[in-house]
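Along the sequence shown, residues carry numbers from 1.
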Amino acid sequence: MLLLIKLTSLVTTMARKFFVGGNWKCNGTMDDVKKLVKTLNEVEVPSEDVVEVVVSPPFVFLPLVKALLRSDFAIAAQNCWVRKGGAFTGEISAEMLVNLGIPWVILGHSERRSLLGESNDFVADKVGYALSQGLKVIACVGETLEQREAGSTMDVVAAQTKAIAEKITYWTNVVLAYEPVWAIGTGKVATPAQAQEVHVGLREWLNTNVSAEVASSTRIIYGGSVNAANCRELAEQADIDGFLVGGASLKPEFVEIIKSATVKSSV
Ligand code: PEP
């Protein structure tokens, strides 16, 4: 029986394909984007069986990137509206992304939570709606430095995850991104042990509150100052299933981060 449980857990762990997302944020010109895509198109990376790569350009460059990007990499928008489109000036609806052939969307990024006041419930509503329209979602959670220092990291990320869990019925198209706010864009990366601890906590939360199957199959990726120098050590952690990369996704070192997926086959 124990052997069976161990084998099942091994199989489901193996089924969590490494995921590397590149969040380009609000950066770049048409020329920059063309150069970046050209670089990505020319690099040799592990096969699609080993790693799933998704890049996330600003909205206005989505069609350009879609037209130029290699077919083994996918594209994510950086946000979408919370419900069906209409009289919502300045917003982009999930339906529009689907219509454009964009399969992924990042929701709940801490920059939107903090700068634009997106609450847990609002983010959760967006996740629910985006999934209902057929998009796949990179859902971000993470604590501030103050919350970490107060010892409430797990409470914060559990509350963010709970809000999402209450709005969705299936997790197949969700990648959960643990992104400590204090590590985003600061050059201060979480240690592998700090990241692994929260990833395990999130998996346990899913196990207790959603299901064992969702807990073992959902990819939980880490984001926060990941670069070529620290990615391998982070990737070695059993519950880190990939990365969401900001700054370094605009640089050639992004390729090294994609290649860190191979660490999983040797651990
Ligand atoms: C992000 O924006 O999701 C992110 C992780 O940024 P950075 O890698 O620059 O910290």
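Atom CG in Asn23 sits 8.5 Å away from atom CD1 in Ile138 (nearest 0.5 Å). Annotation: the span from Glu52 atom CD to Phe18 atom CZ amounts to 12.0 Å, rounded to 0.5 Å. Between Trp24 atom CH2 and Asp32 atom CG the span is 10.0 Å, to the nearest 0.5 Å.
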**OP:** Apply ring-ring contact (aromatic ring centres under 6.0 Å, His included) to the pair Phe243 and Phe19, showing each step before the final yes or no.
**Re:** CA-CA 6 Å; Phe243 302 115; Phe19 184 102; over 10 Å; no

**OP:** Would you please test Val137 and Leu131 for side-chain contact (heavy atoms from CB on, under 4.5 Å) and show each step?
**Re:** CA-CA 7 Å; Val137 175; Leu131 289 175; 3.8 Å; yes

Original post:
Could you go step by step and tell me if Asn79 and Lys126 meet the side chain to side chain donor-acceptor pair (under 3.5 Å) rule?
Top reply: CA-CA 9 Å; Asn79 180 38; Lys126 284 187 173 193; 2.6 Å; yes

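Between Asp239 and Gln196, the side chains place a donor N or O and an acceptor N or O closer than 3.5 Å (distance only, hydrogens not considered).
Looking at every heavy atom in both residues, Phe59 comes nearest to Ala77 through CE2-CB, 3.7 Å. Of all the heavy atoms in Arg219 and Trp104, the pair that sits closest is NH2-CH2, 4.2 Å. Considering every non-hydrogen atom in both Ala190 and Pro180, the closest pair reads CB-CG, 4.4 Å.
A salt bridge does not link Glu118 with Arg113: every distance from a Lys NZ or Arg NE/NH1/NH2 to an Asp or Glu carboxylate oxygen is 4.0 Å or more. Using a 4.0 Å cut-off between charged nitrogen and carboxylate oxygen, Arg203 and Asp241 count as a salt-bridge pair.
The cluster map of Ile, Leu, Val, Met, Phe, Trp and Tyr, joined by side-chain heavy atoms under 4.5 Å apart, puts Val175 and Val123 in different clusters. Linking ILVMFWY side-chain heavy atoms closer than 4.5 Å, directly or via other members, places Val37 and Leu62 in a single hydrophobic cluster. At a threshold of 4.5 Å between side-chain heavy atoms, the hydrophobic network of Ile, Leu, Val, Met, Phe, Trp and Tyr places Ile221 and Ile168 in two separate groups.
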Would you list the atom pairs, donor with acceptor, under 3.5 Å between side chains in residues 42-50 and any protein atom, with sequence neighbours excluded?
from  : atom 1 : to    : atom 2 : distance (Å)
Glu42 : OE2    : Lys38 : NZ     : 3.1
Ser47 : OG     : Asp49 : N      : 3.1

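The neighbour count for Lys25 NZ, taken as heavy atoms of other residues, nucleotides or ligands under 6.0 Å away, is above 12.
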